[in-house]
2 protein chains.
Amino acid sequence: MEDGRPEAHVAAGEVVERLLALTGELHRLLAECAARADLTPQQAMLLRCLGQRRPMHTVAAELSCDPSNVTGLIDRLERRGLVERGPDAADRRVRVLSLTAAGRRVRAELERDLARAAALPAGLSPAELRQLLGLLAKFRPGGAEPR
Amino acid sequence: MEDGRPEAHVAAGEVVERLLALTGELHRLLAECAARADLTPQQAMLLRCLGQRRPMHTVAAELSCDPSNVTGLIDRLERRGLVERGPDAADRRVRVLSLTAAGRRVRAELERDLARAAALPAGLSPAELRQLLGLLAKFRPGGAEPR
DNA sequence: TATTGTTATACTCTATAACTATA
DNA sequence: TATAGTTATAGAGTATAACAATA
């Protein structure tokens with residue numbers, strides 16, 4: 001708790017502003033890439049989670065949403081033949097999610113598109129990119145969490 | 001500009017990963033602050049736009065969404081007495097949006113909460129914060145855009 | 001008793017198309 | 001003709017609560 005200095009507060013407000021703007025831009029970017037793959041942004045995020053087979057509830061945790069929500073998302077992706085629900089040998093309650101061949105193709109295409117679209121930020125040199133990565137790694141919003 | 005090196009590509013993929021993760025964290029943060037003010041994240045973003053009175057279509061542009069969408073958002077906020085629709089003296093087609101006294105209170109509370117929650121990242125010194133700001137200002141996802 | 005996943009429900013968000021009232 | 005905003009509609013996302021199956 002050494003920041004009672006006004007500059008820290010000013011910079012802090014500025015960071016909020018820029019980060020929320022960045023979030024908006026990135027979400028727009030994600031939406032565009034998703035749309036090119038005929039997906040919604042949420043479906044795209046779900047597909048990105050499925051690099052490996054995994055049970056539903058871990059996906060819900062990773063997406064920070066309610067499990068009942070994932071049920072609906074998977075329903076729509078399964079109807080399109082991109083995802084499958086399988087049994088778990090060890091625990092008959094769980095449904096293991098996995099990509100179909102078509103799902104793997106769509107996911108790979110999406111990843112390529114995202115890398116192409118987001119990873120060529122004009123105006124940043126490779127050195128600056130590394131610097132940004134380092135700062136983002138240290139940055140933890142809500143890090144000052146009380147209570 | 002010494003691109004073309006493999007490291008640049010690796011860093012690029014890493015940036016996508018980190019930025020999407022950051023987007024998720026920030027959205028969660030926004031959702032939490034919004035919820036404390038009894039708002040949805042979208043309603044919070046709309047309120048943030050209304051620091052000054054302004055016509056609806058400029059808000060739609062800033063939020064990058066369809067105007068018909070803003071109609072619904074405003075309907076709900078107006079019903080709660082946070083926003084008002086007023087006439088424009090110069091052009092009778094436009095509806096000028098403005099915050100009520102209650103709306104200003106909620107917005108101020110929200111801004112304070114956001115600054116508190118997001119702007120005190122543990123582990124970043126003031127110098128690093130300034131550095132981060134500079135890099136974020138230069139960063140333009142989709143910067144490879146033609147035209 | 002607790003956990004995994006689904007269903008039912010209700011709401012919000014979102015875009016498209018058709019409409020109005022202005023300009 | 002073009003623009004600002006609304007309405008109607010349809011669909012997607014979201015959480016809550018109740019539930020079945022399993023642990």
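So that the names make sense, note that chain A is the first sequence line, chain B the second, and so on, each numbered from 1.
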Take the protein atom [atom1] of [X] and the nucleotide atom [atom2] of [N], then report the distance between them rounded to whole Å.
X	N	atom1	atom2	answer
A:D75	C:dT7	CG	P	7 Å
A:L97	C:dG5	CG	P	8 Å
A:R79	D:dA12	CZ	C1'	11 Å
B:E62	D:dA4	CD	P	16 Å
A:R85	C:dG5	CZ	C1'	9 Å
A:L39	D:dA12	CG	P	12 Å
A:L30	C:dT14	CG	P	14 Å
B:E78	C:dT12	CD	C1'	18 Å

Quiz item: What string of B, S and - do you get for nucleotides 14-22 of chain D 5' to 3' if you count protein non-hydrogen atoms under 4.0 Å?
Solution: BBB----BB
Quiz prompt | Beyond-backbone contact of A:L22 with B:T23, side-chain heavy atoms, under 4.5 angstrom | solution =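 They are not in contact (no side-chain heavy atoms under 4.5 Å apart), so the answer is no.
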Practice problem: Decide yes or no for B:H27 and A:H27: does some side-chain heavy atom of the first lie under 4.5 Å from some side-chain heavy atom of the second? | Solution: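 With C-beta onward as the side chain, the pair stays apart.
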Practice problem: May I have the step-by-step check of salt bridge (Lys or Arg N to Asp or Glu O under 4.0 Å) for B:D75 and B:R85, ending in yes or no? | Solution: CA-CA 10 Å; B:D75 282 348; B:R85 278 182 247 237; 2.3 Å; yes
Between the main-chain N or O of [Y] and the side-chain N or O of [X], is there a donor-acceptor pair closer than 3.5 Å?
X	Y	answer
B:R54	B:C49	yes
A:R104	A:L99	yes
B:T100	B:L82	yes

Exercise. Determine the contact category for A:T40: base if any of its heavy atoms lies under 4.0 Å from a base atom, sugar-phosphate if only primed atoms, P, OP1 or OP2 are that close, otherwise nothing.
Key: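 Since only primed, P, OP1 and OP2 atoms lie under 4.0 Å of A:T40, the category is sugar-phosphate.
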Quiz item: Can B:R95 and B:D88 be said to form a side chain to side chain contact (heavy atoms under 4.5 Å, CB included), step by step?
Solution: CA-CA 6 Å; B:R95 309 274 258 154; B:D88 182 305; over 6 Å; no
Quiz item: Any Lys/Arg nitrogen of A:R48 or B:E17 sitting under 4.0 Å from an Asp/Glu carboxylate oxygen of the other?
Solution: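 Yes, A:R48 and B:E17 are salt-bridged.
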Exercise. Under 4.0 Å from any atom of DNA chain D, heavy atoms only: list the residues of residues 50-61 of chain B that qualify, in numerical order.
Key: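 Contacts with DNA chain D under 4.0 Å: B:P55, B:M56, B:H57.
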May I have the list of side-chain donor-acceptor pairs in residues 33-46 of chain B shorter than 3.5 Å, sequence neighbours left out?
| from | atom 1 | to | atom 2 | distance (Å) |
| --- | --- | --- | --- | --- |
| B:R36 | NE | B:D113 | OD2 | 2.8 |
| B:T40 | OG1 | B:Q43 | N | 3.1 |
| B:Q43 | OE1 | B:T40 | N | 3.1 |

